[in-house]
Protein chains: 2
Amino acid sequence: MIQKTNRMYLVEQVASQIEQLIESGHWPVGEKIPPEMKLMKQFDVSRNTLREAIRALVHAGLLETKQGSGTIVRSSNPLGATLKRYIKRSALLETLDVRLALEKQAAQLAAEHRNETDLSTLEACIQSSREAAENGNYEQFIASDIRFHQTIVQASSNQLLIDLYEPMVKIVYSFVQDLMAMDAPFKYEEELHLELFMAIQNQDKVAAASYIEDYMKVLRENIMRIKED
Amino acid sequence: MIQKTNRMYLVEQVASQIEQLIESGHWPVGEKIPPEMKLMKQFDVSRNTLREAIRALVHAGLLETKQGSGTIVRSSNPLGATLKRYIKRSALLETLDVRLALEKQAAQLAAEHRNETDLSTLEACIQSSREAAENGNYEQFIASDIRFHQTIVQASSNQLLIDLYEPMVKIVYSFVQDLMAMDAPFKYEEELHLELFMAIQNQDKVAAASYIEDYMKVLRENIMRIKED
DNA sequence: CCGCATTTGTTCGTATGTATC
DNA sequence: GGATACATACGAACAAATGCG
């Protein structure tokens, strides 16, 4: 069986090199990459070739170009941007179902694999939520909430799960952030977080999955209630 | 609050138009799109601009260019290509966990929403599997198997779930297709499929989720066993 | 096998719009 | 406002691969 040569064109070579520079953190998220002129010399390609490579990564959501200013790194997760764009076109309720599926699995895995660092991060999030609720700091509350859930997913130690979950939870919150008020349901949410934390601490998979289900049920009801207005 | 103008550059305009032509099926998968010269006139842009747009879609996996021949449509699902590329680099066991999460949720939703068409398709898959097993037709068996699981996910009526699941199940099978032999576990799989089908038919969410868990457990054990060789 | 047209790959040059100092 | 740096866009040309007669 002869392998076909499958030639790699210049543009793809440049694109994957840039991609790797981003994923490896050599070009950190939020910072500018060198201007086209320098990159042309660095990769030893023409302007159009370089631009095609950059454009491909812009479309993929890894880069963002600003005329007159430069090109900045927007994300280091190739999956994130595509997923976000896709999810934005999807129905919110569909997204919630998928989020439930992923987070439930994550919670079970987290209950198995969690280490001390995970637990202390979760505790810090709960503490931060509580403070935010007392001070009426809505933004901090949301931020802590997101961090809490993302920590659970990260504790699953499943990178694919982590990368899929990240855009999902952010989209969900971007839908509801301007709508939800800080009222009773959030108090309930606080209790749920605490119980969920203890389940993970005790490595109780069944309870962890169950609490995630409860949480998503409450979230779904809140969203439905708000949507009626 | 002033909204930033968020100007849409030519390349992005052209890219999203082409994307839509692909997604709408106007340019079917597998067929060639018009050559650059015609597209330049059609979109009224220069060659470089058009090429940057095409290159973005090539990188995203929607198109494939061949020097001297032309450009063909490779996929109509923007999520599929990116996910496949990503999953291929992931660990198989991580992918299995995510697949479990998605299919479990899908089975529960399918139990709720399934219609008569879904049920008859599932029955046909089971029948096809049985025939394939009797005739020792391994390829047909695998194909029926994939179709069975995809039908369940499609019966969930959740498009996001469907699009996420598709690349996942295909990658899993591409990992194992050359490894697994048609032996005892497949018999067990057949029984599981039948029980799963009945659970969905009876709209028994709990049982459906439970059988998916069993199925994935068996699949995982088989994979682990094969890997040891 | 050869020659030729078609089509994509790559490079260079030039002009313009935009942001930053 | 002016100068500079940078991305945007167009046009022309040649190279390389493919396909056809």
Side-chain angles (χ1 to χ4, degrees), chain A residues 2-19 21-22 27-75 81, chain B residues 2-19 21-22 27-75 81:
Chain A
I2 295 175
Q3 187 100 25
K4 214 169 181 182
T5 45
N6 200 357
R7 171 168 178 184
M8 192 87 163
Y9 293 118
L10 271 183
V11 180
E12 286 299 327
Q13 289 182 40
V14 174
S16 49
Q17 281 190 64
I18 295 179
E19 212 167 348
L21 283 168
I22 294 172
W27 288 346
V29 176
E31 292 198 8
K32 274 205 263 203
I33 70 174
E36 289 180 349
M37 282 299 181
K38 284 190 182 175
L39 293 177
M40 284 168 60
K41 293 171 189 167
Q42 191 168 330
F43 291 114
D44 192 34
V45 293
S46 78
R47 181 140 199 206
N48 286 337
T49 301
L50 174 69
R51 283 182 60 80
E52 283 182 26
I54 289 180
R55 183 65 60 185
L57 300 184
V58 168
H59 188 79
L62 293 185
L63 294 177
E64 182 176 355
T65 56
K66 276 188 216 161
Q67 188 176 178
S69 170
T71 303
I72 65 170
V73 181
R74 200 162 187 251
S75 166
Chain B
I2 296 176
Q3 186 103 26
K4 217 170 180 182
T5 46
N6 200 0
R7 171 169 177 182
M8 190 88 163
Y9 293 113
L10 270 183
V11 179
E12 286 298 328
Q13 288 181 42
V14 175
S16 50
Q17 282 190 63
I18 295 178
E19 212 166 347
L21 284 168
I22 294 172
W27 288 345
V29 175
E31 292 197 6
K32 274 203 264 204
I33 71 173
E36 290 178 350
M37 280 301 182
K38 285 191 182 175
L39 293 178
M40 283 168 60
K41 293 171 189 168
Q42 193 169 324
F43 291 115
D44 192 35
V45 294
S46 75
R47 182 156 182 231
N48 288 332
T49 302
L50 174 69
R51 282 183 58 82
E52 284 182 26
I54 289 180
R55 183 64 58 187
L57 301 183
V58 168
H59 190 79
L62 293 184
L63 294 175
E64 182 176 354
T65 56
K66 275 187 220 163
Q67 187 175 181
S69 170
T71 302
I72 66 171
V73 181
R74 213 171 179 237
S75 165

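These numbers were taken from a predicted model, which means no experiment stands behind them. A, B, ... follow the sequence lines: proteins, then strands. Residue 1 opens every chain. In what follows, every heavy atom counts, from backbone to side chain, and hydrogens, waters and symmetry copies are set aside.
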Respond yes when some side-chain nitrogen or oxygen of Arg55(B) is under 4.0 Å from OP1 or OP2 of dG9(C), and no when none is. yes
If you only use heavy atoms from C-beta on, which nucleotide in dG9(C), dC10(D), dT8(D) is closest to the side chain of Val45(B)? dC10(D)
Just how far, in rounded Å, is C1' of dG9(C) from CZ of Phe43(A)? 18 Å
Qualifying residues under salt bridge (charged side-chain N to carboxylate O under 4.0 Å, His left out), relative to Glu64(B), sequence neighbours excluded: Arg74(B)
Euclidean distance, atom CD of residue Gln13(B) to atom P of dT8(D) [Å, nearest integer]: 13 Å
Examine the base of dG11(D) for any acceptor or donor lying under 3.5 Å from a partner atom in the side chain of Asn48(B), and report the outcome as yes or no. yes
Taking the side chain as every heavy atom from C-beta outward, state whether Glu12(A) and Val58(B) have any pair of such atoms under 4.5 Å apart. yes
Grab the CD1-P distance between Ile72(B) and dG19(D) for me, whole Å please. 12 Å
Nearest 0.5 Å please: distance from the CG atom of Leu57(A) over to the CG atom of Leu63(A). 5.0 Å
Determine: side-chain N/O of Arg51(A) to OP1/OP2 of dA7(D), distance under 4.0 Å, yes or no. no
Test side-chain hydrogen bond (donor to acceptor under 3.5 Å, both in side chains) applied to Arg51(A) - qualifying residues, sequence neighbours left out: Glu36(A), Glu52(B)
Rounding to a whole Å, what distance do you find between Leu57(B):CG and dT8(C):P? 14 Å
Of the listed dT10(C), dG17(C), dT8(C), the closest approach to the Pro35(B) side chain comes from dT8(C)
Which nucleotide sits closest to the side chain of Thr49(A): dT8(C), dA9(D), dT10(C)? dT10(C)
What integer distance in Å separates Gln67(A):CD from dC10(D):C1'? 14 Å
Nearest-Å distance, CE (Met40(A)) to P (dA7(D))? 11 Å
The answer to which of Ser69(A) and Gly68(B) contacts DNA chain C further toward the 5' end, by nearest nucleotide, is Gly68(B)
Tell me: CZ of Arg47(A) to C1' of dG11(D), nearest whole Å? 15 Å
Closest nucleotide among dG17(C), dT8(C), dA9(D) to the Leu10(B) side chain: dA9(D)
Between atom CD in Glu64(B) and atom P in dT8(C), what is the gap in whole Å? 13 Å
By nearest atom, which of the nucleotides dG9(C), dT8(D), dT8(C) is closest to the Glu36(A) side chain? dT8(D)
